[in-house]
Colleague: 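Below you'll find the structure I mean.
Basis for what follows: all heavy atoms, side chains included, without hydrogens, waters or symmetry-related copies. Letters A, B, ... mirror the listed sequences (proteins, then strands); counts begin at 1. For clarity, every value in this text was computed on a predicted model and none was experimentally measured.
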Amino acid sequence: MARLFALVDCNNFYASCERVFQPALRGKPVVVLSNNDGCVIARSNEAKALGIDMGTPWHLYRGQFEEQGVIVRSSNYTLYGDMSARVMRILAGFTPDLEVYSIDEAFLDVAGIVDLEAHVRRLRATVLQWTGIPVSVGIAPTKVLAKVANRLAKKDPAAGGCRLLRDPDVQHEALQALGLGDLWGVAKRMATRLEAEGIRTPLELRAADPQLLRQRFGVVMQRLSQELRGVSCLPLELAVPDRKSVVASRSFGRPITAHADVEEAVASFVSRAAAKMRRQGLAAAHLITFIETNPFREQDKQYRAQRGLTLPVATADTATLITAAHAALSAIWRDGYRYKKAGVMLVDLVKASSVGSGLFDRPDDARSLARMKALDGLNMRFGRDTVTLGRTGLPRPWALRRDQLSQRFTTHWEELLAI
DNA sequence: TCTGGGGTCCTAGGACCC
DNA sequence: TCTGGGGTCCTAGGACCC
């Protein structure tokens with residue numbers, strides 16, 4: 001059977017969440033601000049109609065917002081996360097084949113649904129009734145086209161919150177009305193590059209030579225073009241994969257110049273990120289600390305830097321990670337700058353259980369040291385999926401599965417033994 | 001002993017998304 | 001004085017090993 005994807009997207013999600021708990025906000029222009037009340041990250045339809053753009057810095061428009069009667073809310077991510085979970089649970093009741101794509105979007109497999117129109121009507125009504133959140137639905141044979149359909153469902157009041165792009169003629173007509181930048185996966189820079197190659201519209205992108213796209217723009221653009229033709233290249237991702245990185249970062253309320261202050265911030269970033277990582281049962285084999293000045297202050301000397309550091313053993317221990325993050329910070333620290341932002345990324349995440357199960361639970365543990373010493377001089381073979389240790393004191397070669405070790409871990413064996 | 005090519009790893013940066 | 005935070009994927013170039 002032909003594929004059919006439905007993209008369910010919550011309308012103006014953060015603004016809608018605020019309205020659920022404050023019905024007086026209905027019908028009024030509402031915007032939600034980012035951390036530190038920096039800029040606009042969500043707008044109700046009424047706010048959009050006033051011409052307020054995404055990312056508008058609040059401090060520049062504060063007065064104007066007041067004049068226009070725009071209601072401003074600081075963001076409340078705990079609330080939005082909770083509302084999101086409720087919406088997703090309801091959607092899961094409509095089909096088990098569901099991919100939660102973001103906090104406010106999900107792709108559903110609707111290929112087998114008989115009366116699609118009635119099904120979607122019921123879905124929208126249920127979500128609205130049980131959560132107070134309005135959603136739009138776009139349906140098409142590929143994810144990229146489902147995104148297009150969803151956009152039309154939102155923009156066109158006559159659509160009734162749902163658009164179907166199954167018929168090729170209808171797809172053609174829909175794409176004709178769009179610019180390149182309206183496509184999922186094409187932003188400003190890519191649009192400019194495509195235009196320079198003579199590809200100016202979604203229809204031209206759809207018709208472009210796949211080999212040329214692959215060569216000039218890479219595999220992502222080639223797939224996007226295929227998806228526009230109705231050839232599905234992006235499958236539904238049903239299983240939620242393990243996270244590959246966890247980031248904690250913040251802009252400082254005011255510029256910071258002292259090393260000690262940034263150290264303090266970095267320590268708190270690490271503990272936040274590590275806690276999040278532990279909740280997911282993961283450990284980090286690599287850590288990156290970064291700092292930067294305020295790029296908006298052109299009169300200031302600019303500096304940005306990051307430093308990565310491979311841990312001898314993947315770990316989820318906050319104290320170990322803080323030590324590493326501080327070492328990385330010292331390597332990139334320069335006096336004399338006004339730092340505006342800093343952060344820590346935990347990357348190369350592996351299952352914590354695989355780290356704890358084996359040889360090197362704790363590098364400073366005496367037994368671990370002895371084990372590592374015993375490994376010295378061993379015959380090591382790095383296979384595709386395994387690392388095999390031979391000889392000395394082992395009844396038979398000892399194979400460790402690579403996927404239970406981090407990549408960096410296995411290739412830095414010497415480093416490990418040097419501890 | 002010399003040479004070349006392939007594979008992998010690492011880092012940095014770009015681009016995009018919500 | 002004041003412009004978010006958290007992610008993913010891809011590419012390119014250099015180092016290194018076999």
Colleague: Compare every heavy atom of A/T126 with every heavy atom of A/I90, then report the nearest pair and how far apart it is.
Modeller: CG2-CG2, 3.9 Å
Colleague: So, A/K340 and A/E292, do they make that salt bridge, N to O below 4.0 Å?
Modeller: no
Colleague: Take atom NE2 of A/H59 and atom C1' of C/dC2, then tell me their distance rounded to the nearest Å.
Modeller: 4 Å
Colleague: Can you tell me which nucleotide in C/dC10, C/dG5, C/dC2 comes closest to the side chain of A/V220?
Modeller: C/dC10
Colleague: Establish, with yes or no, whether the OP1 or OP2 oxygen of C/dG7 is under 4.0 angstrom from a side-chain nitrogen or oxygen of A/K276.
Modeller: yes
Colleague: How many whole angstroms separate atom CZ of A/F290 from atom C1' of C/dG6?
Modeller: 10 Å
Colleague: Here's a test of your reading of the structure: between A/R214 and A/F252, which maps to the more 5' nucleotide of DNA chain C?
Modeller: A/F252
Colleague: Is there side-chain contact between A/E66 and A/R62, with heavy atoms separated by less than 4.5 Å?
Modeller: yes
Colleague: Using a 4.0 Å heavy-atom cut-off across all strands, classify A/P255 as base, sugar-phosphate, or nothing.
Modeller: sugar-phosphate
Colleague: What contact category does A/F13 fall into here, base, sugar-phosphate, or nothing, at under 4.0 angstrom with non-hydrogen atoms?
Modeller: nothing
Colleague: Look at all strands and tell whether A/G308 reaches a base, only sugar-phosphate, or nothing, counting heavy atoms closer than 4.0 Å.
Modeller: nothing
Colleague: Select one nucleotide: of C/dG5, B/dA12, C/dT3, the one nearest the side-chain heavy atoms of A/S251.
Modeller: C/dG5
Colleague: Does the side chain of A/S102 come under 3.5 Å of the side chain of A/E105 through a donor N or O and an acceptor N or O?
Modeller: yes
Colleague: Given B/dC17, C/dC10, C/dC2, which nucleotide is nearest the side-chain atoms of A/V219?
Modeller: C/dC10
Colleague: Which nucleotide wins on minimum distance to the side chain of A/A187, given the candidates C/dT3, C/dG6, B/dC16?
Modeller: B/dC16
Colleague: If you only use heavy atoms from C-beta on, which nucleotide in B/dT11, C/dG5, C/dT8 is closest to the side chain of A/H286?
Modeller: B/dT11
Colleague: How would you label the contact of A/R250 with the nucleic acid (heavy atoms, under 4.0 Å): base, sugar-phosphate, or nothing?
Modeller: sugar-phosphate
Colleague: I want to check one thing: is the phosphate of B/dC18, taken as OP1 and OP2, less than 4.0 Å away from some side-chain N or O of A/K147?
Modeller: yes
Colleague: Using a cut-off of 4.0 Å on non-hydrogen atoms, how would the nucleic acid contact of A/R338 be classed: base, sugar-phosphate, or nothing?
Modeller: nothing
Colleague: Within the 4.0 Å heavy-atom criterion, would you say A/R272 contacts the bases, only the backbone, or no part of the nucleic acid?
Modeller: sugar-phosphate
Colleague: Give the nucleotide from the list C/dT3, B/dC18, C/dG6 with an atom nearest to the side chain of A/V247.
Modeller: C/dG6
Colleague: Tell me: CZ of A/F217 to C1' of C/dC9, nearest whole Å?
Modeller: 18 Å
Colleague: Take atom CE of A/M221 and atom P of B/dA15, then tell me their distance rounded to the nearest Å.
Modeller: 12 Å
Colleague: Can a side chain N or O of A/S245 be found less than 4.0 Å away from OP1 or OP2 on C/dT8?
Modeller: yes
Colleague: Nearest to the side chain of A/R297 - C/dG4, B/dC16, C/dC2?
Modeller: C/dC2
Colleague: Tell me what A/R223 touches on the nucleic acid: a base, only sugar-phosphate, or nothing, going by heavy atoms under 4.0 Å.
Modeller: sugar-phosphate
Colleague: Check the pair A/R307 / A/T289 against side chain to side chain contact (heavy atoms under 4.5 Å, CB included), numbers first and verdict last.
Modeller: CA-CA 6 Å; A/R307 176 58 56 98; A/T289 302; 5.7 Å; no
Colleague: Could you state the atom-to-atom distance from CE of A/M88 to C1' of B/dC18 in whole Å?
Modeller: 11 Å
Colleague: Provide, to the nearest angstrom, the distance between the CG atom belonging to A/D300 and the P atom belonging to C/dT1.
Modeller: 11 Å
Colleague: From the set C/dG7, B/dC18, B/dA15, return the single nucleotide nearest to any side-chain atom of A/M190.
Modeller: B/dA15
Colleague: Touch check for A/W184, heavy atoms < 4.0 angstrom, all strands: base, sugar-phosphate only, or nothing?
Modeller: sugar-phosphate
Colleague: Nearest to the side chain of A/Y101, heavy atoms from C-beta on, is which of B/dC16, B/dC18, C/dT3?
Modeller: B/dC18
Colleague: I want to check one thing: is the phosphate of B/dC16, taken as OP1 and OP2, less than 4.0 Å away from some side-chain N or O of A/K188?
Modeller: no
Colleague: Just call it for A/D37: base, sugar-phosphate, or nothing, with non-hydrogen atoms closer than 4.0 Å on any strand.
Modeller: nothing
Colleague: Any base atoms under 4.0 Å from A/I288, or only sugar-phosphate, or nothing? Heavy atoms, all strands.
Modeller: nothing
Colleague: Taking the nucleotide of DNA chain C with the closest heavy atom to each, which residue, A/P57 or A/V246, is nearer the 5' end?
Modeller: A/P57
Colleague: Between A/R189 and B/dA15, is there a contact of a side-chain N or O with OP1 or OP2 at under 4.0 Å?
Modeller: yes
Colleague: Of all the choices, C/dC9, C/dG5, C/dT3, which nucleotide is nearest to the side chain of A/S249 once you look at every atom?
Modeller: C/dG5
Colleague: For A/Q306 and B/dT11, give me the distance from atom CD to atom P, rounded to whole Å.
Modeller: 10 Å
Colleague: Does B/dC18 have a Watson-Crick or wobble partner in any strand here, with both distances under 3.5 angstrom, and which is it?
Modeller: C/dG5
Colleague: Do A/R278 and A/T318 meet the criterion of a side-chain donor-acceptor pair at a distance under 3.5 Å?
Modeller: yes
Colleague: Looking at A/I139, A/L123, A/D97, which hits side chain to side chain contact (heavy atoms under 4.5 Å, CB included) with A/L108?
Modeller: A/L123
Colleague: Using the rule given for salt bridge (Lys or Arg N to Asp or Glu O under 4.0 Å), can you reason through A/R19 versus A/E46, listing the C-alpha separation, both sets of side-chain angles and the distance that settles it, and then say yes or no?
Modeller: CA-CA 13 Å; A/R19 280 180 174 170; A/E46 296 78 6; 2.8 Å; yes
Colleague: Counting only side-chain nitrogens and oxygens, does A/K244 get under 4.0 Å of the OP1 or OP2 atom of C/dC9?
Modeller: yes
Colleague: In whole angstrom, give the distance that lies between atom CG of A/D348 and atom P of B/dC10.
Modeller: 8 Å
